Amino acid sequence: MSNLRFINETTITSGVSTVNIENVFSADFDIYKITSNGISTVGTTQTDPDLRFINSSGSLILASDYDYAHQIMRTDASFTEQKNTNEDEFYRFFGESVDQTPEENGQVSYIFNPFSSSSYTFALYQSMVASAGLTISMKGIGVLTQTSSITGFQVKDNVGSRPFAGGTIRVYGLRVDS
């Protein structure tokens, strides 16, 4: 039996700036895997898609309780580190400089303890964007420093004026055998 259980697949509709993926985290698993591919923007503008969690009441968690750090590895520049505390989202969670098709991107992340209301929610994430001979990879960590029961998340255009053209996001539960 596989340790991964497929939970949800969401296709991003063209022209939207946010995508809510709800009711994917539950008491069934402590660890979840999220993958995304093909996220692109309308027109020639770039975006850096962010993540916000959705609590068990169906509300976005907008409090300044997101802490993150990631390293950006570009083929055209020096590596850089970006870190922040007390933010209202995980910045660039799904990659940096996501652009229009046919440029490609992919992301994989692991979310720990999202449904538990007695512990923080942690994240490990990595992404890669290939664009006109340029590759941008990123690896990061994050924590939501509040003890809320999380049941979903939102993918968000970090500017608000660069809508998505498409993409696919999948969520899996990870069973840990003892």
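All values below were derived from every heavy atom in this structure, side-chain atoms included, with hydrogens, water molecules and symmetry-related copies excluded. Bear in mind that the values here come from a model prediction, so they are computed numbers and not experimental data. Count residues from 1 along the sequence.
Summarising the geometry, atom CG belonging to Asn23 is positioned 11.0 Å from atom CD1 belonging to Ile7; distances are rounded to the nearest 0.5 Å. Atom-to-atom distance recorded for Lys33:NZ and Phe6:CZ is 12.5 Å, nearest 0.5 angstrom. Taken from CD in Glu89 to CG in Asn84, the straight-line distance is 10.0 Å, to the nearest 0.5 Å. Atom OG of Ser127 is separated from atom CG of Asp48 by 9.5 Å, given to the nearest 0.5 angstrom.
Between Ser14 and Ala165 the shortest heavy-atom distance is CB-O, 3.4 Å. The minimum heavy-atom distance linking Val24 with Gly152 is given by the pair CG2-CA, 4.1 Å. For the residue pair Thr10 and Ile21, the shortest heavy atom distance occurs at OG1-CG1, 3.8 Å. In terms of heavy-atom proximity, Thr121 sits nearest to Pro114 at OG1-CA, 3.5 Å. Counting all heavy atoms, side chain and backbone alike, Lys83 lies closest to Ala69 at CB-CB, 3.7 Å. Nearest heavy atoms, Ser17 versus Phe164: O-CE1, 3.5 Å.
Put simply, the side chain of Asn20 reaches to within 4.5 Å of the side chain of Ile54, judged on heavy atoms. Counting only heavy atoms from C-beta outward, the side chains of Phe112 and Tyr120 never approach each other to under 4.5 Å. Taking the side chain as every heavy atom from C-beta outward, Val108 and Tyr125 never approach each other to under 4.5 Å. Gln71 places none of its side-chain heavy atoms less than 4.5 Å from the side chain of Thr80. Taking 4.5 Å as the limit, every side-chain heavy atom of Ser117 sits out of range of all side-chain heavy atoms of Thr147. Two residues are said to be in side-chain contact when any heavy atoms from C-beta on lie closer than 4.5 Å; Ile31 and Ile111 fail this criterion. Using a 4.5 Å heavy-atom threshold, the side chains of Ile72 and Ile136 count as touching. A 4.5 Å side-chain heavy-atom check between Tyr68 and Glu87 finds at least one atom pair inside the cut-off.
Of the possible polar contacts, one joining the Ser116 side chain to the Ser118 backbone as a donor-acceptor pair under 3.5 Å is found. Between the side chain of Asn113 and the main chain of Ser119, no donor-acceptor pair closer than 3.5 Å is present.
Judged purely by distance below 3.5 Å, without hydrogens or angles, the side chains of Asn37 and Thr35 never pair a donor atom with an acceptor atom. Side-chain polar atoms of Gln107 and Ser109 form a donor-acceptor pair below 3.5 angstrom.
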Starting from the C-alpha separation in whole Å, work towards a yes-or-no answer on side-chain contact (heavy atoms from CB on, under 4.5 Å) for Thr168 and Glu9.
CA-CA 7 Å; Thr168 304; Glu9 178 176 292; 3.7 Å; yes

Lys139 and Gln126: CA distance, side-chain angles, deciding distance, side chain to side chain donor-acceptor pair (under 3.5 Å) verdict:
CA-CA 4 Å; Lys139 289 185 144 225; Gln126 59 186 9; 3.3 Å; yes

Are Glu22 and Thr151 close enough, and set up right, to give a side-chain contact (heavy atoms from CB on, under 4.5 Å), and what steps lead you there?
CA-CA 6 Å; Glu22 300 182 71; Thr151 56; 5.8 Å; no

Pair Ile34-Ile169, side-chain contact (heavy atoms from CB on, under 4.5 Å): steps then yes or no:
CA-CA 7 Å; Ile34 300 172; Ile169 299 166; 3.9 Å; yes

Arg92/Asp50 under salt bridge (Lys or Arg N to Asp or Glu O under 4.0 Å): CA gap, chis, key distance, verdict:
CA-CA 5 Å; Arg92 293 181 166 164; Asp50 304 333; over 6 Å; no

Arg52 and Phe153: side-chain contact (heavy atoms from CB on, under 4.5 Å), yes or no, with the steps?
CA-CA 6 Å; Arg52 288 180 168 161; Phe153 61 95; over 6 Å; no

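The side-chain hydrogen bond (donor to acceptor under 3.5 Å, both in side chains) pairs that include a residue from residues 55-67 are Asp65-Gln146, where partners are two or more places apart or lie in different chains.
Neither Leu60 nor Phe53 shares a network with the other; the hydrophobic side chains, linked directly or stepwise wherever heavy atoms of I, L, V, M, F, W or Y lie under 4.5 Å apart, form separate groups for each. In the hydrophobic clustering of this structure, Leu62 does not group with Phe90; members are Ile, Leu, Val, Met, Phe, Trp, Tyr whose side-chain heavy atoms approach within less than 4.5 Å, directly or through other members. Using a 4.5 Å cut-off between side-chain heavy atoms of Ile, Leu, Val, Met, Phe, Trp and Tyr, with links allowed through other members, Phe29 and Phe25 fall into the same hydrophobic cluster. Note on Tyr172: it clusters hydrophobically with Phe122, by side-chain heavy-atom contacts below 4.5 Å among ILVMFWY residues.
Between Tyr110 and Tyr32, the distance separating the two ring centers is not shorter than 6.0 angstrom.
Legend: residues meeting ring-ring contact (aromatic ring centres under 6.0 Å, His included) with Phe115, ordered by chain and number and at least two apart, are absent.
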